[in-house]
Amino acid sequence: MKMNMKMKMGLVLYVCVAHVLLYHGAYGGMTSSFVRKEEKSVDMPFSSDVFSHPPGYNAPQQVHITQGDHVGRAVIVSWVTQDEPGSSDVVYWLADKTDQKYKATGKITTYKYYNYTSGFIHHCNIKNLQFESKYYYEVGIGHTTRRFWFMTPPPVGPDVPYTFGIMGDLGQTYDSNVTLAHYEMNPVKGAAVLFVGDLSYADHYEFHDNSRWDSWGRFAERSTAYQPWIWTAGNHELDYEPTIGETKPFKPFLHRYRMPFRASGSTEPLWYSIKRASAYIIVLSSYSAYGMYTPQYQWLFEEFPKVNRSETPWLIVLMHSPWYNSNSYHFMEGETMRVMFEPWFVQYKVDLVFAGHVHAYERSERISNIAYNIVNGECTPVHDKSAPVYITIGDGGNIEGLANNMTEPQPKYSAYREASFGHATLEIKNRTHAYYSWHRNSDGYAVTADSVMFFNRYWHPEDDSTAKNN
């Protein structure tokens, strides 16, 4: 029987997808034997102390900071006042020079979403800070003043040690609170958080209840006010709901959270890059256009050649929707972006890719699938020492619960997977080594459920796989 070209292509695609699902070897990765108790994630009530309003008239709330330039000498301070606009000034000083204070002035924005009107959202970029220094800062000048502090990173350099915390899909459930508490109490102290998207889950509620954005900001303030969180937009940040007249994507998120996108030549805040210590962080938007000639595509095309691995050896990418995922939830949703960008990731030797979206944990081996072009049949991911490790960490504690329906058998490219809530840390030691560990919530603060020493792809491209015969 003769087959036409459409039938042939369909058969090849079917075989390739089936092959990806069944790609498994005798020495593949492991699915954790740990079984978390089956129970639904439950939001903490608004009466919880983690949501409490700070006392005082017009007291600043939802305070959070992020990097404010490309190299780490600036910090964007953001907060909300409810009673009146108040002052957008930030007073700040070096911890050891209390008699020498400085002032920076920010701007105020507000927005409306259906039947919700926001408070007065302040954003102030403090510039020209000293590296590796502790600063105190105050907001709420003129009414109720609140004081916080932060540490600036060390100067950018190839052998500068630095520790990141990594979280995603946090939400505001009891599990979210445990995740954040475990991160705070971890003996390995993260100095900044790489956050891979899905913050408040406000869109889970009727009319995308934006008061849930406010409660989430107050909940996370205990960390976000003291160390920079590097923001990635997830699908729950879209807040696109034309049935209630809300047709501007990402509106609440972009009003509330600022990114230093212009410092890296980006035209939009949803994709950008920063340098921090010995790492070069690229943030991508899974839910913005990324096809050829789109602004995100063009920016990334021009961005990769700018990375100087002699200055920032560790090249890390953040996105929300994972490219490699052996969970039935959100399976292959990141495939089109993978097809567009994976050849660049291999060409430029990206070390690590962190994603969320799937409410479980998974770490891959170093693999690529760039040979596959839909008609050649070469659709099995292969071990590739120039490829990144892909880590899915969408396990912060969201309202939707865990994604515990793993595909079987476990693909060979999947090194470790588990349906649990948790967080991770990445301890960059020098230009060649970085120690990574993932901590499930069900254990003590210091217990590591999955860990690996990563070797840098540019300076030490040795095999760091954790499964045999890969």
Side-chain angles (χ1 to χ4, degrees), residues 17 20-21 166-171 194-201 203-204 230-240 249-250 253-254 257 259 266 268-273 281-292 294-297 299-300 316-346 350 352-364 367-370 372 381 387-407 411 413-414 417 419 421 424:
V17 171
V20 170
L21 280 168
I166 306 134
M167 281 182 274
D169 300 69
L170 190 55
L194 306 178
F195 192 82
V196 294
D198 284 1
L199 287 70
S200 72
Y201 287 81
D203 65 343
H204 183 81
I230 310 306
W231 303 108
T232 309
N235 57 301
H236 287 281
E237 277 69 74
L238 272 164
D239 280 303
Y240 176 77
F250 304 105
F253 174 68
L254 292 179
Y257 294 89
M259 286 65 75
S266 172
E268 295 288 340
L270 297 170
W271 54 88
Y272 62 99
S273 71
I281 313 293
I282 291 177
V283 179
L284 298 179
S285 177
S286 299
Y287 303 96
S288 301
Y290 48 75
M292 192 173 290
T294 61
Q296 184 169 201
Y297 176 98
W299 175 81
L300 187 59
I316 300 169
V317 177
L318 311 181
M319 62 181 68
H320 187 65
S321 185
W323 292 357
Y324 290 95
N325 164 37
S326 67
N327 203 302
S328 64
Y329 292 91
H330 303 305
F331 182 65
M332 292 188 76
E333 285 184 19
E335 183 67 2
T336 54
M337 184 183 251
R338 183 196 67 78
V339 170
M340 293 300 300
F341 293 153
E342 188 179 24
W344 295 350
F345 281 36
V346 175
V350 172
L352 300 165
V353 176
F354 292 102
H357 200 37
V358 178
H359 298 159
Y361 172 75
E362 185 166 19
R363 172 175 57 84
S364 81
I367 40 90
S368 69
N369 203 13
I370 57 178
Y372 171 41
V389 166
Y390 294 89
I391 294 174
T392 301
I393 190 162
D395 56 355
N398 62 87
I399 187 61
E400 295 169 331
L402 287 167
N404 54 8
N405 191 3
M406 307 284 190
T407 59
Y413 66 74
S414 175
R417 61 185 188 173
F421 293 124

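If you read the sequence from its start, that first residue is 1, and numbering goes on from there.
Side-chain contact check for Leu284 versus Phe341: some heavy-atom pair is nearer than 4.5 Å. Contact of the Asn235 side chain with the Ser286 side chain is not registered, since no non-hydrogen atoms from C-beta on lie closer than 4.5 Å. At least one side-chain heavy atom of Ser326 sits less than 4.5 Å from a side-chain heavy atom of Glu362. Between Leu199 and Leu170, the closest side-chain pair of non-hydrogen atoms is not below 4.5 Å. Residues Tyr201 and Asp169 form a side-chain contact, since some pair of their non-hydrogen atoms from C-beta on lies under 4.5 Å apart. Taking 4.5 Å as the limit, some side-chain heavy atom of Tyr290 sits within range of a side-chain heavy atom of Thr336. A heavy-atom distance below 4.5 Å is found between the side chains of Asn369 and Arg338. With contacts defined as side-chain heavy-atom distances shorter than 4.5 Å, the pair Ile370/Phe345 does not qualify.
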- Take Met319 and Val353 through the side-chain contact (heavy atoms from CB on, under 4.5 Å) test and state the conclusion after the steps. CA-CA 8 Å; Met319 62 181 68; Val353 176; 3.8 Å; yes
- Task: Starting from the C-alpha separation in whole Å, work towards a yes-or-no answer on side-chain contact (heavy atoms from CB on, under 4.5 Å) for Leu238 and Phe250.
- Result: CA-CA 4 Å; Leu238 272 164; Phe250 304 105; 3.4 Å; yes
- Message: Before you tell me yes or no, could you show the steps for Asp198 and His357 under side-chain hydrogen bond (donor to acceptor under 3.5 Å, both in side chains), namely the whole-Å CA-CA distance, both residues' side-chain angles and the distance that decides it to 0.1 Å?
- Response: CA-CA 8 Å; Asp198 284 1; His357 200 37; 4.8 Å; no
- Task: Before giving the answer on side-chain contact (heavy atoms from CB on, under 4.5 Å), spell out for Arg363 and Val389 the whole-Å C-alpha distance, their side-chain angles and the decisive distance to 0.1 Å.
- Result: CA-CA 7 Å; Arg363 172 175 57 84; Val389 166; 3.9 Å; yes
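Among the candidates Thr392, Asn327, Ile391, the single residue satisfying the side chain to side chain contact (heavy atoms under 4.5 Å, CB included) test with Tyr361 is Ile391.
Proximity of a side-chain donor or acceptor of Ser414 to a complementary backbone N or O of Pro411 within less than 3.5 Å is not detected. Using a distance-only test at 3.5 Å, with no hydrogens or angles considered, a donor-acceptor pair links the side chain of Glu237 to the main chain of Gly234.
The ring of Trp344 has its center closer than 6.0 angstrom to the ring center of Tyr297. A distance below 6.0 Å separates the ring centres of Tyr390 and Tyr324.
With 3.5 Å as the limit, one finds no donor-acceptor pair spanning the side chains of His330 and Asn325. In the model, Gln296 has no side-chain atom that pairs as donor or acceptor with a side-chain atom of Ser285 under 3.5 Å. Side-chain contact check for Glu268 and Ser288: no donor-acceptor pair (N or O, by modelled atom type) lies under 3.5 Å. Defined by atom type and a distance below 3.5 Å, a donor-acceptor pair is missing between the side-chain atoms of His359 and Asp395. Donor-acceptor pairing under 3.5 Å is lacking for the side chains of Glu400 and Tyr329.
The OG1 atom of Thr232 sits 9.5 Å away from atom CD1 of Ile281, with the distance rounded to the nearest 0.5 Å. The OH atom of Tyr287 sits 9.5 Å away from atom CE of Met337, with the distance rounded to the nearest 0.5 Å. Remark: Ser273 OG to Ile316 CD1 distance equals 12.5 Å, nearest 0.5 Å. Within the model, atoms CG of Leu352 and CG of Leu194 stand 10.0 Å from one another, a figure rounded to the nearest 0.5 Å. Atoms CH2 and CD, from Trp323 and Glu333 in turn, are 15.0 Å apart once rounded to the nearest 0.5 Å. Distance OG/Ser266 to CD1/Ile282: 11.5 Å, rounded to 0.5 Å.
The two residues Gly401 and Phe421 have their closest heavy-atom pair at C-CZ, 4.2 Å. Scanning both residues, Val358 and Pro322, for their nearest heavy atoms gives CG2-CG, 3.9 Å. Heavy atoms only, all atoms of each residue included: Met292 and Met340 are closest at N-CE, 3.5 Å. Counting all heavy atoms, side chain and backbone alike, Ala233 lies closest to Leu270 at CB-CD2, 3.7 Å.
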